2 protein chains.
Amino acid sequence: MGMTIGEAAVRTQCTPATIRYYEEIGLLRPVGRSANGRRAYAQPDIHRLRFIRRCRDLSFAIDDIRALLDVMDGQAVSCLSARDLTLGHLETVRARRTELEALERTLATMAASCTDTCVSGVAAECVLIEDLAT
Amino acid sequence: MGMTIGEAAVRTQCTPATIRYYEEIGLLRPVGRSANGRRAYAQPDIHRLRFIRRCRDLSFAIDDIRALLDVMDGQAVSCLSARDLTLGHLETVRARRTELEALERTLATMAASCTDTCVSGVAAECVLIEDLAT
DNA sequence: CTTGCTCCTCAAGTAACTTGAGGAGTTACG
DNA sequence: CGTAACTCCTCAAGTTACTTGAGGAGCAAG
């Protein structure tokens, strides 16, 4: 009835070490053990792990996932908290993406200026390095 | 002639703790001490710290900064290494930005679906939660 | 029966700092 | 001149989300 941590790992795209870690920090309550003392996973555990894995793929923080799991477990009054959490996360992602866009422009400009003008190749005189020293 | 770590911090937008950290990991060689045993910073140190700070603003990794500092110090043969490093970093940033764009779309869709259809507000039935459980 | 997995439990390492404890010297104010 | 507030010092541990490794035991296949 129970599968080993290795089998659970395959089914959830998590490594065994990660699964043990999730148990340790309480994302997964301690799972049953078979006679030989090894962890035995049942279907609900797999389901929960898949949920966690999907949240991590969406780069939710562990504490956010805790809250989302509470919603899934029906511990939350309504699902609005999950939506708000998602919207908050979306804002973080959007802000970071905007930063990265600016970063891309800056880096591209720097690299291009070096390509264009650093014919000498003298390291200390590189326009890119000079830019960084600004 | 030397300024305190606090003054250096103001001039470089780094905190004193960060400046000590950079010294510890060898980004900044151990700076002189005044009679009372406190660190004393001179202009070249400030220049170097500003360089480091700018690199961090551009989210270069510490090891990358080490290499860039070598170029600034004239330790590198040519500045091409700096340009290549910048281009490599640019690619990483670009890839990450693309990921975040996809993430934004997914999160926005999820949040919107909850807003649209979760009239009941029953947490466990939320379409957003169901999506995460997929 | 022996080789090779897989599992177990700690403990420490990763990136780039930040935070805190405990202690000493310094600066400003009255 | 005293004292309160500030800045500095060092060293250690905490942060995030895991990964890696040591050391040891059981299980499955040939």
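Letters A, B, ... mirror the listed sequences (proteins, then strands); counts begin at 1. The model shown is predicted, which means the values in this text are computed figures rather than measured ones.
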Chemist: Over how many whole Å does the gap from B:Arg33 atom CZ to C:dA24 atom C1' extend?
Modeler: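 Atom CZ in B:Arg33 sits about 14 Å away from atom C1' in C:dA24.
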Chemist: Return whichever of A:Arg20 or B:Asp63 has its heavy-atom-nearest nucleotide of DNA chain C closer to the 5' end.
Modeler: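 This one resolves to A:Arg20.
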Chemist: Taking CD from B:Glu7 and P from D:dC6, how many angstroms apart are they, rounded to a whole number?
Modeler: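 The distance from CD of B:Glu7 to P of D:dC6 comes to 17 Å, rounded to the nearest Å.
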Chemist: Please give, in whole Å, the distance from D:dC27 P to A:Asn36 CG?
Modeler: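 It is 5 Å, rounded to the nearest whole Å.
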Chemist: OP1, OP2 of D:dC18 versus side-chain N and O of A:Tyr22: anything below 4.0 Å?
Modeler: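 Yes, because at least one side-chain N or O of A:Tyr22 sits under 4.0 Å from OP1 or OP2 of D:dC18.
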Chemist: Can you see which heavy atom on B:Leu68 is nearest to which on B:Cys55, and at what distance?
Modeler: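 Closest approach of B:Leu68 to B:Cys55: CD1-SG, 3.9 Å.
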Chemist: How would you label the contact of B:Phe60 with the nucleic acid (heavy atoms, under 4.0 Å): base, sugar-phosphate, or nothing?
Modeler: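 Result for B:Phe60 = nothing.
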Chemist: Using atom CZ of A:Arg66 as one end and atom P of D:dT16 as the other, report the distance to the nearest whole Å.
Modeler: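 Rounded to the whole Å, the gap is 10 Å.
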Chemist: Would one find a side-chain N or O of A:Thr4 under 4.0 angstrom from OP1 or OP2 of C:dC7?
Modeler: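 Answer yes for this pair, as a side-chain N or O of A:Thr4 is under 4.0 Å from OP1 or OP2.
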Chemist: Test for a donor-acceptor pair under 3.5 Å between the base of C:dT6 and the side chain of A:Arg38, counting only N and O atoms.
Modeler: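 Looking at the base of C:dT6, it does pair with a donor or acceptor on the side chain of A:Arg38 (distance under 3.5 Å).
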Chemist: So, is A:Thr18 close to the D:dT19 phosphate, meaning a side-chain N or O under 4.0 Å from OP1 or OP2?
Modeler: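 For D:dT19, OP1/OP2 do have a side-chain N/O of A:Thr18 under 4.0 Å.
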Chemist: Taking 4.0 angstrom as the limit, do A:Arg56 and A:Asp64 come out as a salt bridge?
Modeler: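 A:Asp64 and A:Arg56: not salt-bridged.
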Chemist: How close or far is atom C1' of C:dT14 from atom OH of A:Tyr21, stated in whole angstroms?
Modeler: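 It is 13 Å, rounded to the nearest whole Å.
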Chemist: Does a side-chain N or O of B:Arg39 approach OP1 or OP2 of D:dT10 to a distance below 4.0 Å, or not?
Modeler: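 Answer is yes, contact under 4.0 Å.
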Chemist: Given C:dA16, C:dT19, D:dT20, which nucleotide is nearest the side-chain atoms of B:Ala17?
Modeler: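 Between C:dA16, C:dT19, D:dT20, the one nearest the side chain of B:Ala17 would be C:dT19.
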Chemist: If the threshold is 4.0 Å, N to carboxylate O, is there a salt bridge linking A:Glu99 and A:Arg96?
Modeler: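 Yes, charged N to carboxylate O under 4.0 Å.
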Chemist: Quick one: do B:Arg53 and B:Asp57 make a salt bridge, cutoff under 4.0 Å?
Modeler: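 Counted as a salt bridge, because a side-chain N and a carboxylate O are separated by less than 4.0 Å.
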Chemist: Whole angstrom is fine here: how far is it from CG in A:Leu27 over to C1' in D:dA17?
Modeler: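 Going from A:Leu27 (CG) to D:dA17 (C1'), I get 11 Å.
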Chemist: So what does A:Ile5 touch, heavy atoms closer than 4.0 Å: a base, only the sugar-phosphate, or nothing?
Modeler: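 Result for A:Ile5 = sugar-phosphate.
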Chemist: Round to the nearest Å and state the distance from A:Glu24 atom CD to D:dT19 atom C1'.
Modeler: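 The distance from CD of A:Glu24 to C1' of D:dT19 comes to 13 Å, rounded to the nearest Å.
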Chemist: Find out whether A:Met110 and B:His89 are in side-chain contact, i.e. whether some heavy atom of one side chain is under 4.5 Å from a heavy atom of the other.
Modeler: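 No, too far: nothing below the 4.5 Å cut-off.
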Chemist: To the nearest Å, how far apart are A:Arg56 CZ and D:dT16 C1'?
Modeler: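 Going from A:Arg56 (CZ) to D:dT16 (C1'), I get 8 Å.
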